[in-house]
Each structure stands twice: as C-alpha cells, then as structure tokens.
Amino acid sequence: MGPSVLFPLLHGLSSPLRIVTPTLGRCLLRQLHPPSCTRTPSFPGLNSQHIRGMCVESTLNHIKELSPPEQRLLNKLYEGLISGQRASLAESITLVETQHPRKKELAQVLLQRVLAHRKEQEKQNGGKPLAFRVGLSGPPGAGKSTFIEVVGKMLTGQGHKVSVLAVDPSSCTTGGSLMGDKTRMTELSRDMSAFIRPSPTSGTLGGVTRTTNEAIVLCEGGGYDIVLVETVGVGQSEFAVADMVDMFVLLIPPAGGDELQGIKRGIIEKADLVVVTKADGDLLVPARRIQAEYTSALKLLRKKSKSWNPKVVRVSSQTGEGVAELWGKMEAFRSATLSSGDFQDRRRAQHKVWMWSLIQENVLRHFQEHPAVRGELPQLEDRVTRGAISPGLAADLLLKAFTSSSSSSSSQ
C-alpha cells in the first residue's frame, strides 16, 4: 500500500474513510505523523516503516482520545476478559453488537487490544492458533442443541473451555434472538468452563458476519480454546458462518424421504464432517442408511483440501454412542490441516472474506445515507413500484447521483 493509494483515502477524511468513522481516521493520520510532529502531513515521504503495525497501533492510540469513564470501562472489560471472567466476556460481546456510533468505536479499540494479546499468545505457541473454531449447521429437528450440550459437557470434562455462539434469526419486533438456545442447554449453561451466547442476525447476513466473527475473537481472548458456532436452518447464513470457522460440521437427522434433495448441495460441499444424529432405537437402521448415502455422495464432490477427506459419522446424543469417535475425527482434522498448512491458509483467506463483507456492508450504508441518494430515493422507489421505470434504470440513476456528488465534493 503506497502513498498513491493512501492519499485519496486520507484526503480531507472524505467519503471512503468516513466508512471507518472520522475518529479512527484521525488515529490513522496520527500514526503516520505522531502528535509531536507539527508539520503538515507529507504523503510522498511515506515509507513501509509508517505502515507496519498501523492497524493495531493506530487504534490503540485512540485510547488517548477517550474520556476517563470510557478508559476505565475498556480497561475493566479487557482485564476481566483476559482473566477469564464470563461477565466481562458477555459485556464485551454486547459492546461489539451495538449500533451506537461511539460505542462501535470503543468496541474496535477493545477488539484491537484483544487481537494484540491473542497474537502474542500464538507467537509463544509457535505461531499456531490456540483455539479451534467449529461451525455446526443442519435442518430444524436435527438435534443441534442437544448434540452441542453432550459434546460440550464431554469437552469441559476433558479440561477444555468451550464457548457456544448460536446464530439465531432476529425478532422483527425486539431485534433479539428467537430460538433461545441457552434455555435448551441447561446443563452446559451451568458449567463454569462453558459460555453460551445467542448471536442475533439483526435481519442481515452482514450482521451475522460482523457480530459473530468479533464474538469469536473475544471468546478466544477470554481463554476459550473450543468455539462452537451454531446456526439455525440450512440457508445463506450457513455460508457466512462457514467462512469464519476452521471446521464446518453438517448435522443430518435420519428422516425419511429423499434426504439428499433436502439439503443444498453447496452446504454439503462446505462440510468437512457430516454427522447423522439420533442414531439409536428405531432410528438406528435409517441412520445407517443415511450414513451410506452421504458417504457415497461426498465421494462425487470435489475435495476442498488435499490433507482431508470429509467423513460421515453416526452419533446418539441420548446414549452418547459415537460422541468420542466424533471428537476423534475432529481432532484428526485439526492435526492434518495444521501439519499441511491448510488450517492457517483457511484463516488467512477468511480474513480477506470478512474484510470485503464488511466493506460491502458499510459502503451500502454509506450509499443509503448519502444526501444525494436520500433526495432521489423516494421518488425513484415510487416510480419503480408503479412500473414507470425499470429497477435497473433506477439503480443507475441513484449511482450516478452518488458518484457525481462525491466527485464534486472531493474536487472542492
């Protein structure tokens, strides 16, 4: 990233940087030229030394602009979080989920501190990630919550710290989560080595990506070495969650009918492990048949990794049969991908996916809030609904209004 790229972004803190927030933009400028430097910034003199560590340090410098109560709040949350206090973790996740502009800035400061702390821990661990992120998905009725409780209790019994983030659809009335998974995991929710948190989607897939990904970072900062991310249903949110975990597990109930048609092929292709649940009693024979069908189906799909072939296992949450074998498969996946480098490569690729997802979300919000767009939008929406113009033409007109206004303001 050279001066030619940075200068248009920093020039006058114009529209692109306002996506991040003006205050963080000022922090970026201060990182390039510290407060002791009183001269006007000279971007042609920018070199790689200015860029190195800019993201973390510039945001950490933001603490200097905080009020004393804000500093005390962030210090309390950070110290409580890294010392393993569940109350501090819950309060920190609430902070990153907020839509309040100032609190979003505070959340980013906290996240950068946690990321720096985690990076230092990983360096001491030979550069290997400390936590294992597992995404769990499946159709309604697959027994996901019961399965998570059984697996979670087994893991905490082995000395692991387990956090469960349940990505739930949001209530249109309150904006909160609908499913209430915490109330369905009674034993695990009482376990002091476990942490369960619903993560409402807030009506957008971008909401899933931002809040869930940042909650994962906070859970890892709190010392949780196993992070389970559960989603409800089989739809687009599963693709978002699959791009933020190390291993994606698909849970399938042994139901009747044409099972393979009931699940999107794309979800199956994302799966590193397929688990047939409720494999006990009268459902044991159907579970074996489903296992055989999925084993055959996975052989026809293109491999995602050179170091791992997706497996299909049967488990019973009621009897506990197959649960230990399942965890053995998951550990084998982790070991194989860590050894081959696929584990680290996936995480690096996911960082890029998250970045672009958040850019798209923020650019869209910035576009919608632009004065030129807001002035034209009601009239164009009305004309589209009446069929007077096509949606494509309306979109072109709005984009033209946006770009024309942005160009004129940047030239001033």
Side-chain angles (χ1 to χ4, degrees), residues 53 55-56 59 78 81-84 89 92-93 96 108 110-137 148 151-152 154-156 158-165 167 193-195 197 199 208-231 240-249 270-273 304-308 310-311 326-358:
C55 293
V56 173
T59 309
Y78 176 74
L81 181 68
I82 64 172
S83 64
L89 174 56
S92 299
I93 295 177
V96 302
Q108 291 306 313
L110 176 63
L111 281 165
Q112 293 297 345
R113 294 185 67 180
V114 173
L115 283 168
H117 171 73
R118 192 185 68 180
K119 191 172 183 180
E120 185 61 32
Q121 287 184 315
E122 289 180 353
K123 188 183 294 184
Q124 296 172 4
N125 193 43
K128 294 182 179 180
L130 296 170
F132 187 28
R133 307 167 180 173
V134 181
L136 299 163
S137 182
I148 289 173
V151 172
M154 180 193 72
L155 292 174
T156 56
Q158 294 177 0
H160 293 284
K161 289 188 69 178
V162 180
S163 64
V164 180
L165 301 174
V167 180
S193 295
F195 176 82
R197 173 79 177 204
S199 181
V208 173
T209 305
R210 174 184 286 277
T211 61
T212 308
N213 172 44
E214 294 178 346
I216 289 173
V217 171
L218 293 173
C219 287
E220 292 177 357
Y224 290 87
D225 59 325
I226 307 292
V227 181
L228 305 178
V229 185
E230 177 200 4
T231 62
V241 170
D243 282 327
M244 64 179 69
V245 294
D246 304 316
M247 184 179 196
F248 187 65
V249 179
K270 287 277 187 181
D272 300 298
L273 187 67
K304 288 199 312 175
S305 168
K306 295 179 181 178
S307 58
W308 178 257
K311 307 287 192 299
L326 166 71
W327 178 243
K329 298 283 186 188
M330 295 169 75
E331 285 190 310
F333 168 87
R334 187 183 188 186
S335 298
T337 52
L338 274 172
S339 300
S340 67
D342 287 346
F343 193 98
Q344 297 90 327
D345 289 344
R346 180 184 285 199
R347 282 210 177 178
R348 283 191 287 266
Q350 287 172 349
H351 293 159
K352 189 174 179 179
V353 170
W354 298 337
M355 180 190 76
W356 280 108
S357 174
L358 296 176

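- The side-chain contact (heavy atoms from CB on, under 4.5 Å) search around Leu111 returns Val96, Gln108, Glu214, Val217, Leu218, not counting sequence neighbours.
- Taking CG of Leu81 as the reference point, atom CD of Glu220 lies at 11.0 Å (rounded to 0.5 Å).
- Contacts of Thr156 classified as side-chain hydrogen bond (donor to acceptor under 3.5 Å, both in side chains), with partners at least two apart in sequence or in another chain: Asp191.
- Here the straight-line distance linking atom SG of Cys219 with atom CD1 of Ile93 works out to 4.5 Å at 0.5 Å rounding.
- Rounded to the nearest 0.5 Å, atoms CH2 (Trp308) and NZ (Lys329) are 6.5 Å apart.
- Looking at residues two or more places apart in sequence or on another chain, you find no ring-ring contact (aromatic ring centres under 6.0 Å, His included) involving Phe343.
- Shown here are the side-chain contact (heavy atoms from CB on, under 4.5 Å) partners of Glu120, two or more places apart in sequence or in another chain: Lys123, Gln124.
- Taking the six-membered ring where the residue is Trp, Tyr224 and Phe195 present tilted rings, their angle falling between 30° and 60°.
- Listed by first then second residue, pairs satisfying salt bridge (Lys or Arg N to Asp or Glu O under 4.0 Å) with a partner in residues 334-346 read Asp272-Arg346, Asp345-Arg348, not counting sequence neighbours.
- Pro129 and Leu338 make their closest contact through CD-CD2, 4.1 Å (heavy atoms, listed as atom of the first residue, atom of the second, distance).
- With Asp243 contributing its side chain and Gln350 its backbone, the two residues share no donor-acceptor pair below 3.5 Å.
- Residues satisfying the salt bridge (Lys or Arg N to Asp or Glu O under 4.0 Å) criterion with Glu122, sequence neighbours excluded, are Arg118.
- Within the 4.5 Å cutoff, the side chain of Phe132 has no heavy atoms near those of the Asp225 side chain.
- The distance from the CD1 atom of Ile226 to the CD atom of Gln158 is 9.0 Å, given to the nearest 0.5 Å.
- No side-chain heavy atom of Arg133 sits less than 4.5 Å from a side-chain heavy atom of Leu228.
- Within the 4.5 Å cutoff, no side-chain heavy atoms of Phe333 are placed close to those of Val249.
- Applying the ring-ring contact (aromatic ring centres under 6.0 Å, His included) test to His160 and every residue at least two apart in sequence or in another chain returns Trp327.
- Using modelled atom types and a 3.5 Å distance limit, the side chains of Thr337 and Ser307 yield no donor-acceptor pair.
- Taking all atoms of both residues into account, the shortest heavy-atom contact from Gly152 to Val162 is O-CG2, 4.2 Å.
- Taking each heavy atom of Asn213 and Met244 in turn, the nearest pair found is N-SD, 3.8 Å.
- Scanning all heavy atoms of the two residues, the minimum distance from Thr231 to Ser137 falls at OG1-OG, 3.1 Å.
- With sequence neighbours left out, the side-chain contact (heavy atoms from CB on, under 4.5 Å) criterion links His351 to Trp354.
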